[in-house]
Visitor: 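Please see the structure below; I have some questions.
Computed from a predicted structure; not experimentally measured. We name chains A, B, ... by the order of the sequence lines, and we start the count at 1 in each one. Just the heavy atoms: all of them, side chains too, but no hydrogens, waters or symmetry mates, feed the values below.
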Protein chains: 2
Amino acid sequence: MANTGADSASGQRSRPTIRDVAARAGVSKSLVSLAFTDPQKVGPQRRELILEAAQALGYEPNFLARSLARDSAPFVGILVVNLRNPIFAEIAEAVRQELDLNGEYGLITSAAITDSDDLPNSYGRIDPRVVRMLQDLRPKALIVVGTVPEEEAMFRGIPTVYASAAPRPNTEHSSVRMDDAKGMELAVDHLVSLGHTRIGFIGGRGGAVSAGRARAFITEMESRGLEAVVEPAGFSEAEGYRAANDLLSRDRRPSAVVCVNDISAIGVLAAADDAGVVVPDELAVVGFDNIPLADLNRISLTSVDPQNREIGRLSALAVLELLGAQGTPPSESLITPDLVIRGSTLAHRPQEAPPSD
Amino acid sequence: MANTGADSASGQRSRPTIRDVAARAGVSKSLVSLAFTDPQKVGPQRRELILEAAQALGYEPNFLARSLARDSAPFVGILVVNLRNPIFAEIAEAVRQELDLNGEYGLITSAAITDSDDLPNSYGRIDPRVVRMLQDLRPKALIVVGTVPEEEAMFRGIPTVYASAAPRPNTEHSSVRMDDAKGMELAVDHLVSLGHTRIGFIGGRGGAVSAGRARAFITEMESRGLEAVVEPAGFSEAEGYRAANDLLSRDRRPSAVVCVNDISAIGVLAAADDAGVVVPDELAVVGFDNIPLADLNRISLTSVDPQNREIGRLSALAVLELLGAQGTPPSESLITPDLVIRGSTLAHRPQEAPPSD
DNA sequence: CTGAAAGCGCTTACAG
DNA sequence: CTGAAAGCGCTTACAG
């Protein structure tokens, strides 16, 4: 149904258009357009007139029509691969906030396909229709939060930054992510300083990030002349649980483990609890991600903090740079992580203050 | 920049348009349009021809242009008020899945404004620009997941269903949410069956849901001739912590508490731990929401399960009904919750199997 | 600084 | 069943 005059007279209101504003202000459509896109180029009194008319009518330019005409929408798309993982939500919000500060606008959307057996941290597949939709919307740029398992061909032709994920080797895209080598160094340093020498790693499966951390662990251990014990596992709690059981049943079991992420570390804690192994006295545990859970009184998990807000912030800035100069080559930023020490490695952790308000 | 022929000859490819397909198939634009919107109305051979041309060119109709022409986009908008809360992600995905099953398409987006002091469960404000953007996109309908603090005027003119939130009294919108009275009955029943008579409630602040649960608690207790002890608190861990401390320092302290949600219940557990109060022996704790956290070994929180996937599913169906018959009056569905009993109320809980894969 | 005109990619009556 | 035409709401050269 076209938006006829009759329609706007009826109860079913549609939003006023540029035409309505032009009529009310007594100017042409194009002048109204100009007043909204490049106000300086319109004479002060006319501008005032137009803005008043728009105000009175409650007019705001229609994104959709504007996008079609310009062949580019006035926003940066933020594609969150997995909504269930709280760190992705945190990154996405940090991205949006930083874009805001720079006068850009971020639209968050999610493309996760729910598998029946989906776990909080599972890296699900992506819905190609969401990506197509996003392409139709023609965002100025895209920020992909999290690891996309599929080929990146989907994002071709639009400036893209990966937040918290590594792009494929010969990509044209930028990325901002934690420096895993540095994170592993912090984790192993900490454990070694507590006197641990027999240290295991749980992880290595489930993608590039996992494999990279396993490699970093081996490097870190070998550089100290220590034996690297690796128990392959993915990102889920269940896999952490199983891997920990395997590790705990070895004859020379490790006195400490580093886990590929916090979720699997939670599984390790559960396995230790069930096996009557006291944490941290008999088993020290370190995770990666520093999810909110890690800070809970009863979990108190020492974890490598990837600085998610910083990752989000820098991803936004990377996109702005890409937008500024078209020829900008893709960049890779590695963020230096932090180690947050808690009860899973230090028995007598400093008494925590009650959570602040 | 218009999408000229020269442009499509250059490296910077844009997607093929209906015009390209028409040219290749040797038919008019409108016939191509028809072939995509109402294939039956096109002769078999021509249809085949058109589809082949489209296939060869990699053509797919542009959502944006279609939306502008039709004054309605081919999808249902799913607005997630708060991305940080895992239950909202779960609902949103269930909505999308059910829409899918019915041939509709759901686009998830988030509108949370990050406040500096934002907590995992804080009900943030909503970004009006996201809503406007969504309106411009003209979704067929809207599903709002979570409580929107602002006025609902934003959603006027578009069929809307609230998932997991109550609409304002005289609204024209539908809603699907947990039956809080029933949930409270389950919680109190359980505690009473364990022999508790002095039971507290932590919550009541922060919105309609919170206040409603407080009222339900009082009703439930009074109907049994028990005294209802209410300690006002919001949804955050910090507020749960503080409220629990207040409650525990009373002369006749309760032997059990029901919390307005799981996050605040976590705060209660922390307060009990810090005060040396043993859960569940000296204090039994029940939460609402059954977030994934509640199932963790070390938390093991008894919780009222709102059946989020079911809420999502029914919200999708409610929207489909609204779309089917325009005159359909708004409906309110109350979902019967479940009580998941864990270690925070039952000391010797059944030995849990290791998490399944 | 202003206004008429063409166009973004699609859909929808309307006449053949 | 098919094709030319007008339109969705906006932007962008282009001529005044």
Visitor: Could you tell me the separation between the CZ atom of A:Arg138 and the P atom of D:dC10, rounded to a whole number of Å?
Guide: 18 Å
Visitor: Tell me: CG of B:Asp136 to C1' of D:dG9, nearest whole Å?
Guide: 10 Å
Visitor: Report the residue from B:Leu142, B:Leu134, B:Leu322 that forms a side chain to side chain contact (heavy atoms under 4.5 Å, CB included) with B:Ile158.
Guide: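 One option only clears the test, and that one is B:Leu142.
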Visitor: Using atom CG of B:Asn62 as one end and atom C1' of C:dC8 as the other, report the distance to the nearest whole Å.
Guide: 9 Å
Visitor: Whom does D:dT2 pair with, Watson-Crick or G-U wobble, provided both distances fall under 3.5 Å?
Guide: C:dA15
Visitor: Look up atom CG in B:Asp100 and atom OH in B:Tyr105, then write down how far apart they are to the nearest 0.5 Å.
Guide: 8.5 Å
Visitor: I'd like to check B:Phe88 versus B:Ser164 (side-chain heavy atoms, cut-off strictly below 4.5 Å). Are they in contact?
Guide: yes
Visitor: Check whether any side-chain heavy atom of A:Thr109 lies under 4.5 Å from a side-chain heavy atom of B:Leu107, and answer yes or no.
Guide: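 With C-beta onward as the side chain, the pair touches.
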Visitor: D:dC10, D:dT12, C:dT11: which one has an atom nearest the side-chain heavy atoms of A:Lys29?
Guide: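 Given the options D:dC10, D:dT12, C:dT11, the side chain of A:Lys29 is closest to D:dC10.
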Visitor: Output yes when B:Arg177 and B:Glu332 qualify as a salt bridge under the 4.0 Å nitrogen-oxygen rule, no when they do not.
Guide: yes
Visitor: Under 4.0 Å: is that the gap between some side-chain N or O of A:Arg19 and OP1 or OP2 of D:dC8?
Guide: yes
Visitor: A:Arg70 has a side chain; which of D:dC10, D:dT12, C:dC10 sits nearest to it?
Guide: D:dT12
Visitor: Give the rounded distance in Å between these two atoms: CD of A:Gln135 and P of C:dG9.
Guide: 15 Å
Visitor: Counting the atoms with a prime plus P, OP1 and OP2 as sugar-phosphate, which does A:Ser67 contact under 4.0 Å by heavy atoms, base, sugar-phosphate, or nothing?
Guide: nothing
Visitor: Say whether, by atom type as modelled, one donor and one acceptor occur between the side chain of A:Ser110 and the main chain of B:Ile108 under 3.5 angstrom.
Guide: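 No; judged by distance alone, with no hydrogens or angles, the pair does not exist.
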Visitor: Looking at B:Glu310 and B:Arg313, does any basic side-chain N land under 4.0 Å from a carboxylate oxygen?
Guide: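 B:Arg313 and B:Glu310: salt-bridged.
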Visitor: I need the CG-C1' distance between A:Leu68 and C:dC8, as an integer number of Å.
Guide: 4 Å
Visitor: Can you list the residues that meet the salt bridge (Lys or Arg N to Asp or Glu O under 4.0 Å) rule with B:Lys140, with sequence neighbours excluded?
Guide: B:Glu104
Visitor: Rounded to whole angstrom units, what separation is found between the CZ atom of B:Arg66 and the C1' atom of D:dG7?
Guide: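 Those two atoms, CZ and C1', are 17 Å apart.
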Visitor: A:Ser33 side chain N/O closer than 4.0 Å to the phosphate oxygens (OP1, OP2) of D:dT11?
Guide: yes
Visitor: In whole Å, I'd like the distance from the CG atom of A:Asp38 to the P atom of D:dC10.
Guide: 17 Å
Visitor: Distances for protein N/O vs nucleotides 14-16 of chain D N/O pairs under 3.5 angstrom?
Guide:
none

Visitor: What's B:Tyr59 touching, base or sugar-phosphate or nothing? Going by heavy atoms closer than 4.0 Å.
Guide: sugar-phosphate
Visitor: For the ring pair B:Phe63 and B:Phe75, is the centre-to-centre distance below 6.0 Å?
Guide: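 Ring-ring flag for B:Phe63/B:Phe75: false, centres at least 6.0 Å apart.
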Visitor: What's the CG-C1' distance between B:Leu64 and D:dC8, to the nearest Å?
Guide: 11 Å
Visitor: Give each protein N/O atom lying under 3.5 Å from an N/O atom of nucleotides 1-3 of chain D, with the pair distance.
Guide:
residue: D:dT2; atom: OP1; partner: B:Arg46; partner atom: NE; Å: 3.0
residue: D:dT2; atom: OP2; partner: B:Gly43; partner atom: N; Å: 3.4

Visitor: Quick one: does any side-chain atom of A:Ser333 pair with a main-chain N or O of A:Val176 as donor and acceptor, under 3.5 Å?
Guide: no
